[in-house]
Amino acid sequence: MPRRKQAKRTTVKDLRSILRLTYEQDLSVREISERLQISKSSVATYLLRAREAGLSWPLPPIYESEAALQRALFRRVGRPPQDLSEPEWPRVAQELKRKGVTLTLLWQEYRTAHPDGYGYTWFCEKFDAYRRRANPTFRHRHAAGAVMQTDYAGPTVEVIDPQTGEIRQAQIFVAVLGASSLTFAMGSFGQRLPDWIEGQTRALSYFGGVPKAIVCDNLKAGVVKALWFEPTLNQTFAAMAEHYDTTILPTRSRKPRDKGKVEGAVLIVERWILARLRHRRFFNLTDLNTAIAGLLEELNHRPMRHIGKSRRQLFEEIERAALTPLPGEPFEYAEWKTAKVHPDYHVEVDKTFYSVPHRLIGRRVDVRLTYRAVEIFQDHTRVASHVRRSQRSGHVTVNEHMPKAHQRYANMTPASLIKMAARIGVNAATLVERMMRERPHPEQGYRSAMGIIALARRYERDRLEAACERALVINAISYSSVSAILKSGLDRASPAAAPVKATPSHANIRGGGYYQ
């Protein structure tokens, strides 16, 4: 039976190799044991001693000699600490939220102030015990500026319409920052997409900055497809995130721990704000939000029991500087729709027709609707922009969107046609005016009037003016009559006065004396 290979004795040189393989190559205890031919228990023991001594890799220059390294590792082994002064655990928890701060660094700072104090292992155990006793908000560590969590509270507030007496239920939107627990709340009349977007933007404005991520509930208005790994956001919600340069992280369904911070904030808002408003009556949403804002300031300035500081103090100390500045302009709410371009190069939006370039006839386009504008995109490129009409009817057309053949008639009105005819002469303007006035609809005379004006390109203006005068005299108010007069040359002849016909004598015709 072969003899088991005996593990060799560990040296300080081996310790250096253990630290290097652990921190540089991220090898496990088993892998280091097999490579260095050292027992696993020895590797684990040396790593534990190194952590208690606050050592990592690379080693500081003071530990270049083996004697210095041995003193650091084997000093007071098995002896309890002489200095039993505990650090301020609330301050340790607060500092741990800062970016780049680790528990090892905080322990090293503690040992600098208390050289005979607790070792690293005891320090970690004491801190874990404090966290278990502390407020639940410290169970999940959130770095400063890392996250804002949002949700709606369950209870609602009644708002009475003073005109009709109708009672509407106002929904309460709640947002909270992860590190400082600074809280925001407001009321709205629903949980639709406009209410959801308004809550997010007003919360960011209240905090005065933008966190790296927004953790929210899987609200149907904002999340189209609630997949944990690749959620599909509503296009408007995604545009809001892009505007503020942040990330939206929807939580899983029926998993409240994914947004535990805002779950706690909702409970606090219900107890601290909504409970105090239960006996008050509100007749509009503005008064409700004013009352909420007053109690909200009291909540954020009230010291937290287990920390000794208020949410506002924590925010100013650790989180304000970590937030990204707000963009120059707040996000403007917009809805996105898909539309097909009609044969008349218009798309229908909210029962109004807006023009697009005629080359897009029959194509699908994306329409972005704001309160003031209608923007139309094709393949992520904006192809048209219009001022949104308040009335739901009519057409909004840009001349450049029309084919060349249509642009000629784009801005045509009776006044503009008369003005163009007046450049030819008084008789031409009079003839065009009568063409449109004597028809049931002025538009019916547009084409005839354009024909009269177009004759100026083939005939001299004097001849065309004379032809219009002759057409007026003989009461031939049409394009064909003027064209025939010019072709036959009758415009050159002086117009003959219409002969006065004598009234025939007849027994049934009364003479002029009858009317005297």
Side-chain angles (χ1 to χ4, degrees), residues 188-202 204-205 210 214 216 219-227 230-248 250 326-413 416 443 446:
S188 63
F189 278 135
Q191 297 185 15
R192 298 175 297 111
L193 184 60
D195 306 313
W196 182 244
I197 296 294
E198 183 185 11
Q200 309 288 336
T201 56
R202 287 183 60 179
L204 294 174
S205 177
V210 183
I214 297 177
C216 64
L219 192 73
K220 291 183 179 179
V223 182
V224 177
K225 202 169 187 179
L227 293 179
E230 292 182 351
T232 303
L233 302 180
N234 176 282
Q235 200 165 4
T236 303
F237 198 16
M240 188 214 77
E242 182 179 356
H243 179 81
Y244 288 103
D245 193 19
T246 187
T247 303
I248 305 297
L326 291 168
E329 295 291 333
F331 177 72
E332 183 179 15
Y333 174 78
E335 294 182 6
W336 288 84
K337 298 183 178 180
T338 302
K340 186 176 181 179
V341 181
H342 294 184
D344 62 351
Y345 44 86
H346 286 72
V347 294
E348 183 180 358
V349 179
D350 202 13
K351 298 185 179 180
T352 303
F353 296 88
Y354 298 90
S355 67
V356 299
H358 64 89
R359 58 182 172 80
L360 298 177
I361 291 176
R363 303 286 293 275
R364 286 278 177 183
V365 294
D366 296 317
V367 182
R368 180 176 180 266
L369 289 172
T370 68
Y371 290 112
R372 294 173 292 181
V374 175
E375 296 178 293
I376 303 169
F377 294 81
Q378 206 270 330
D379 291 338
H380 307 288
T381 302
R382 190 173 69 175
V383 295
S385 179
H386 302 274
V387 176
R388 188 171 183 178
R389 293 188 59 176
S390 58
Q391 298 178 349
R392 296 186 176 184
S393 62
H395 290 67
V396 179
T397 307
V398 176
N399 287 349
E400 288 74 13
H401 295 165
M402 309 170 73
K404 293 294 184 182
H406 293 190
Q407 292 183 18
R408 182 186 308 172
Y409 303 98
N411 296 320
M412 195 178 300
T413 63
S416 63
E443 293 80 3
Y446 282 6

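The shown structure was predicted, so the numbers you read here are calculated from the model rather than taken from an experiment. Note that these values count all heavy atoms, side chains included, but never hydrogens, waters or copies made by symmetry.
- Checked by atom type and distance alone, the side chain of His386 never pairs as donor or acceptor with a backbone atom of Ile376 at under 3.5 Å.
- More than 12 heavy atoms of other residues, nucleotides or ligands sit less than 6.0 Å from atom CD of Glu348.
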message = Test side-chain contact (heavy atoms from CB on, under 4.5 Å) on Tyr244 and Leu326; report intermediate values, then the result.
response = CA-CA 7 Å; Tyr244 288 103; Leu326 291 168; 4.1 Å; yes

key: Step-by-step side-chain contact (heavy atoms from CB on, under 4.5 Å) determination, Asp245 to Val210   = CA-CA 8 Å; Asp245 193 19; Val210 183; over 6 Å; no

query = Run the side-chain contact (heavy atoms from CB on, under 4.5 Å) check on Arg359 and Val383 step by step: do they pass?
reply = CA-CA 11 Å; Arg359 58 182 172 80; Val383 295; 4.2 Å; yes

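- Here Ile248 contributes atom CD1 and Gln200 contributes atom CD; the two are 6.5 Å apart, rounded to the nearest 0.5 Å.
- Taking OG of Ser205 as the start and CD of Glu198 as the end, the distance is 11.5 Å to the nearest 0.5 Å.
- Smallest separation of non-hydrogen atoms from Val365 and Gln378: CG1-CG, 3.8 Å.
- Heavy atoms only, all atoms of each residue included: Trp196 and Cys216 are closest at CZ2-CB, 3.5 Å.
- Across all non-hydrogen atoms, the minimal contact from Glu375 to Ser385 is CG-OG, 4.0 Å.
- For the atom pair His401 NE2 and His358 NE2, the distance stands at 10.0 Å (nearest 0.5 Å).
- Within the model, atoms NZ of Lys340 and CD1 of Ile361 stand 11.5 Å from one another, a figure rounded to the nearest 0.5 Å.
- Nearest heavy-atom pair, Leu360 versus Val341, reported as atom, atom and distance to 0.1 Å: O-CB, 3.2 Å.
- Here the side chain of Thr397 pairs no donor or acceptor atom with the backbone of Ser355 at under 3.5 angstrom.
- A distance of 7.0 Å separates OG1 in Thr338 from CZ in Arg364, rounded to the nearest 0.5 Å.
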query = Would Ile214 and Met240 count as a side-chain contact (heavy atoms from CB on, under 4.5 Å) if you check the C-alpha gap in whole Å, the side-chain angles of each, and the deciding distance to 0.1 Å?
reply = CA-CA 11 Å; Ile214 297 177; Met240 188 214 77; 4.1 Å; yes

